[in-house]
Amino acid sequence: NGAHQHGQGNSPEGKDSTLMSREHLKTKYESLPPNSTVIFDGFALLQATESILGSSCNAFRQDLKHVAFLQYPFSIEPDASPANRDLCRSQEDEALRKMDFVVGASNCTLNMFRKEYPLFFSALKTGVIEPVARFKEAGNLVSKSRRKRSSGTIKFLCVSNTVPRKNILLLFKALKYFTVQGMYLPWQISIVANEHADRTEFRRLQMFAKKHALPVVWLGEVRSSENMTNLYLEHDIFIHASNIENYCMAASEAVCCGC
């Protein structure tokens with residue numbers, strides 16, 4: 001699978017890339033018992049095209065059920081080059097046609113796929129599992145977990161990758177104006193982010209925060225939905241300033257948790 005992980009971008013080469021190698025995936029796929037259900041989560045759908053779903057692979061099994069869980073079409077990925085987007089579109093087109101069921105993260109997700117693949121997507125069996133389903137308990141906890149602001153500190157939360165288009169530096173520059181003691185309420189901002197996405201950008205953010213003594217808490221990647229729920233509940237305001245998003249899952253999750 002290629003599960004959604006908070007603050008995670010493209011993983012550096014290592015254990016994860018070995019786990020999802022074509023050979024490994026094909027071997028696992030071929031060993032599945034009949035009538036098994038295979039769920040392709042996010043980018044795994046494209047990875048599988050070159051090993052089991054592509055017509056040239058001769059590995060596709062009709063005796064299995066194939067399900068895709070997707071947030072947005074990778075053919076519109078803003079961080080990819082035009083050539084890579086075209087490649088994603090070709091792979092996505094071929095893989096989607098072989099799915100027995102496609103699950104979207106929202107109705108917005110399905111609408112994006114219908115627009116991107118108008119010739120066949122509307123004929124597919126589809127459904128939606130919205131963030132509210134994955135964070136169903138959070139809504140019940142909101143009123144119980146809200147801190148009493150005895151200290152008066154406002155807690156911001158940003159869930160993002162450390163790449164320039166996410167505009168974390170813009171957030172820092174804006175918040176810098178609210179650091180004058182006695183004029184504004186005290187605040188802090190927690191950053192859930194993949195610090196390896198763009199190491200140069202991450203260092204730039206660290207230097208700016210240190211230079212201006214900004215109350216920034218770096219939390220790194222958070223892989224647990226339970227831990228993310230707690231973070232949303234513990235913070236007052238979710239803040240996001242990206243130039244462009246395919247589908248901002250973190251914003252949907254934050255709304256579900258009352259952040």
Side-chain angles (χ1 to χ4, degrees), residues 1-11 20 25 37-57 60 64-136 158-161 163-167 194 197 225 238-257:
N1 69 66
H4 168 70
Q5 292 167 348
H6 299 84
Q8 182 178 18
N10 296 323
S11 300
M20 287 302 299
L25 179 58
T37 298
V38 186
I39 300 176
F40 301 93
D41 190 347
F43 191 68
L45 184 70
L46 302 190
Q47 292 176 305
T49 305
E50 297 182 346
S51 54
I52 56 178
L53 297 177
S55 56
S56 61
C57 301
F60 184 74
L64 303 179
K65 295 293 183 182
H66 300 80
V67 179
F69 178 73
L70 305 168
Q71 296 178 28
Y72 61 88
F74 284 97
S75 54
I76 63 171
E77 173 59 59
D79 291 326
S81 66
N84 281 338
R85 284 197 292 271
D86 287 342
L87 175 61
C88 287
R89 183 175 292 105
S90 174
Q91 292 178 330
E92 213 162 40
D93 183 294
E94 187 169 18
L96 285 171
R97 292 174 186 268
K98 293 185 176 179
M99 293 297 105
D100 295 291
F101 203 86
V102 176
V103 180
S106 71
N107 284 314
C108 177
T109 297
L110 297 183
N111 288 335
M112 284 191 286
F113 275 97
R114 291 187 188 103
K115 182 177 180 181
E116 194 70 9
Y117 303 103
L119 297 180
F120 70 90
F121 192 83
S122 293
L124 297 177
K125 293 180 180 179
T126 60
V128 171
I129 300 179
E130 295 182 333
V132 68
R134 298 190 291 281
F135 288 79
K136 60 183 179 180
C158 176
V159 181
S160 178
N161 288 323
V163 294
R165 74 171 177 84
K166 295 291 187 176
N167 281 333
N194 173 14
S225 292
F238 174 81
I239 187 167
H240 194 72
S242 179
N243 285 333
I244 185 173
E245 288 290 343
N246 302 312
Y247 179 81
C248 189
M249 178 67 78
S252 300
E253 294 171 350
V255 169
C256 292
C257 296

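FYI, side chains are in, hydrogens and waters are out, and symmetry mates aren't considered; it's all heavy atoms of this structure.
Residues Leu53 and Phe60 have side chains in contact (heavy-atom distance under 4.5 Å, counting atoms from C-beta outward). The shortest distance between side-chain heavy atoms of Asn167 and Ser242 does not fall below 4.5 Å. You'll find the side chain of Tyr72 stays beyond 4.5 Å of the side chain of Leu70, heavy atoms only. By the 4.5 Å heavy-atom criterion applied to side chains, Glu92 and Thr49 are not counted as neighbours. Taking 4.5 Å as the limit, some side-chain heavy atom of Leu46 sits within range of a side-chain heavy atom of Phe74. Between Leu96 and Phe120, the closest side-chain pair of non-hydrogen atoms falls below 4.5 Å. Within the 4.5 Å cutoff, the side chain of Ser122 has no heavy atoms near those of the Tyr117 side chain. Side-chain contact check for Leu25 versus Ser51: some heavy-atom pair is nearer than 4.5 Å.
The distance from the OG atom of Ser55 to the CD atom of Glu94 is 4.0 Å, given to the nearest 0.5 Å. Taking CG of Asn111 as the start and CD of Glu116 as the end, the distance is 13.0 Å to the nearest 0.5 Å. Residue Thr126 holds its OG1 atom at 5.0 Å from CG of Leu110, rounded to the nearest 0.5 Å. Atom OG of Ser81 and atom CG of Asp86 lie 8.5 Å apart (nearest 0.5 Å). A distance of 11.5 Å separates CG in Leu45 from NZ in Lys98, rounded to the nearest 0.5 Å.
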Inset, instruction - Mind running side chain to side chain donor-acceptor pair (under 3.5 Å) on Thr109 and Gln71 for me, showing each step along the way? - result: CA-CA 6 Å; Thr109 297; Gln71 296 178 28; over 6 Å; no
Inset, instruction - Any chance you could lay out the side chain to side chain contact (heavy atoms under 4.5 Å, CB included) test for Cys57 and Ile52, step after step, and finish with the verdict? - result: CA-CA 6 Å; Cys57 301; Ile52 56 178; 5.8 Å; no
Legend entry - Test log, rule side chain to side chain contact (heavy atoms under 4.5 Å, CB included), inputs Phe113 and Leu124: CA-CA 11 Å; Phe113 275 97; Leu124 297 177; over 6 Å; no
Inset, instruction - Show your working on side chain to side chain contact (heavy atoms under 4.5 Å, CB included) between Val67 and Val103 and close with a plain yes or no. - result: CA-CA 7 Å; Val67 179; Val103 180; 4.1 Å; yes
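Between the side chain of Asp100 and the backbone N or O of His66, at least one donor-acceptor pair lies under 3.5 Å. With Arg85 contributing its side chain and Ile76 its backbone, the two residues share no donor-acceptor pair below 3.5 Å.
Across Ser75 and Arg89, no two heavy atoms sit closer than the pair O-NH2, 3.4 Å. Looking at every heavy atom in both residues, Phe69 comes nearest to Gly104 through CE1-O, 4.1 Å.
Asp93 and Arg97 are joined by a salt bridge, as a carboxylate oxygen and a charged side-chain nitrogen come within less than 4.0 angstrom of each other.
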